[in-house]
Structures are given as structure tokens and as C-alpha cells.
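Contents: one structure, followed by commentary.
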Amino acid sequence: MYRGHPARRWKTFWLDSTPLESLRSISTPVFVAQGSRDGTTIGSDLFVIEAVRQQPLRPVRYLVVEGGDHMFGLPGEDSRFAQVFDDFLKWGLDRQRVTGVAAVK
């Protein structure tokens, strides 16, 4: 057991498939939000670039919360999750769903 889950889960989590492989067979729009202080930011950058490269007609929105951590929180402030959710709703409900990058400051 590791962090409450069987060790096998952790060892095979990224070996069985990746999020990009899961998206490859569908055309669903993709919304990715990331805090710039989150250690996986570079991974998210690459994920978005590859999603656009593999399926250029798929709408993709990448939102970066400047100074935000994994939960979109800023040092000494509350989370900016409400702003991220608002952006997601506006983009998701827009029939055009333009591919692009934006930042929450």
C-alpha cells in the first residue's frame, strides 16, 4: 500500500495509458487549467501542444492561473477555482469554442 492505494496502481498508472491516448479516439473539446506554481506545468504544456498537433480541428483551451498552485491557490490568498470554473463554463457553452491560451492574474 502507498498513500492508501495498492502499490500496483501507482506503478502502472502512467504505463497502461496516458491522458493523451485516452483522447486520441474521440473529438471532445479539451479544457486544461493549470497553476503556474504547480510542478506539472511543463507536462500540461506538452499535453496541450500534442493534442493540438494530433487533432488540429479539436477545440482546446489552456488556462494558466499565474502564481497558482495545483489547486489554483495563491500564497496568502484563497483559491481562484471560481475564476477557472467561470472560464470553463463560458468556453464550454460558446458554440465556437476557439482554441487558445489565456491567463488568470
Compare every heavy atom of Ser36 with every heavy atom of Gly67, then report the nearest pair and how far apart it is. N-OG, 2.6 Å
Transitive ILVMFWY cluster of Leu74 at side-chain heavy atoms under 4.5 Å: who else is in it? none
NE2 on His70 to CD on Gln34, rounded to 0.5 Å: 7.5 Å
Tell me, please, which residues at least two apart from Leu93 pass side-chain contact (heavy atoms from CB on, under 4.5 Å). none
Enumerate the side chain to side chain donor-acceptor pair (under 3.5 Å) contacts for residues 60-69, please, sequence neighbours excluded, ordered by first and then second residue. Asp45-Tyr62, Arg61-Asp87
Using a 4.5 Å cut-off between side-chain heavy atoms of Ile, Leu, Val, Met, Phe, Trp and Tyr, which other residues end up in the same hydrophobic cluster as Leu57? none
Among residues two or more places apart or on two chains, list those pairs meeting salt bridge (Lys or Arg N to Asp or Glu O under 4.0 Å) that have a residue in residues 46-56. Glu50-Arg53
Nonpolar side-chain network containing Phe88, other nodes, edges under 4.5 Å: Phe31, Leu63, Val65, Phe72, Phe81, Val84, Phe85, Leu89, Trp91, Val104
Residue pairs fulfilling side chain to side chain donor-acceptor pair (under 3.5 Å) with at least one residue in residues 92-105, sequence neighbours excluded: none
